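In what follows, a single structure is set out as structure tokens and then discussed.
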Amino acid sequence: MAASEKKLSYEQAREELAEIVESLEDGSATLEESLKLWERGEELAKICQDLLEGAKKKVAKDAI
């Protein structure tokens, strides 16, 4: 994962992911484009998941 991707906020990653889903759903992309979009979507989903896990850990730690 590139350093610039780590700097994405949850909201930015989620918004880009929503745009990718919309693009895939409209069916206008070629197979190659769809695969690239899917791969980027997987990366963004991982970023979102990592950020959420970090937030959960912080909340759990602060609750102790």
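The structure presented is a predicted model; accordingly, all values stated were derived computationally and were not measured. What's counted below: heavy atoms across the whole structure, side chains too, no hydrogens, waters or symmetry copies.
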Open item on the list: Show, in sequence, the C-alpha distance, side-chain angles and deciding distance for R14 and E11, and conclude whether the salt bridge (Lys or Arg N to Asp or Glu O under 4.0 Å) test is met.
Closed with: CA-CA 5 Å; R14 186 189 65 204; E11 292 80 7; 5.5 Å; no
TODO: Carefully, step by step, assess K7 and Q12 under the rule side-chain contact (heavy atoms from CB on, under 4.5 Å).
DONE: CA-CA 10 Å; K7 294 179 184 177; Q12 291 168 321; over 6 Å; no
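Residue K46 holds its NZ atom at 10.0 Å from CG of L51, rounded to the nearest 0.5 Å. Here the CD atom belonging to E39 is positioned 10.5 Å from the CD1 atom belonging to I20, to the nearest 0.5 angstrom. Annotation: the span from L17 atom CG to E42 atom CD amounts to 9.0 Å, rounded to 0.5 Å. Atoms NZ and CG, on K57 and D62 in that order, are 14.0 Å from each other to the nearest 0.5 Å.
The cluster map of Ile, Leu, Val, Met, Phe, Trp and Tyr, joined by side-chain heavy atoms under 4.5 Å apart, puts L35 and L24 in different clusters.
K61 is linked by a salt bridge (Lys or Arg N to Asp or Glu O under 4.0 Å) to nothing, counting only residues two or more places apart in sequence or in another chain.
Residues Q49 and E53 are in side-chain contact: their nearest non-hydrogen atoms beyond the backbone lie under 4.5 Å apart.
Of all the heavy atoms in A13 and I47, the pair that sits closest is CB-CG2, 4.0 Å.
Using a 4.0 Å cut-off between charged side-chain N and carboxylate O, R40 and E43 make a salt bridge.
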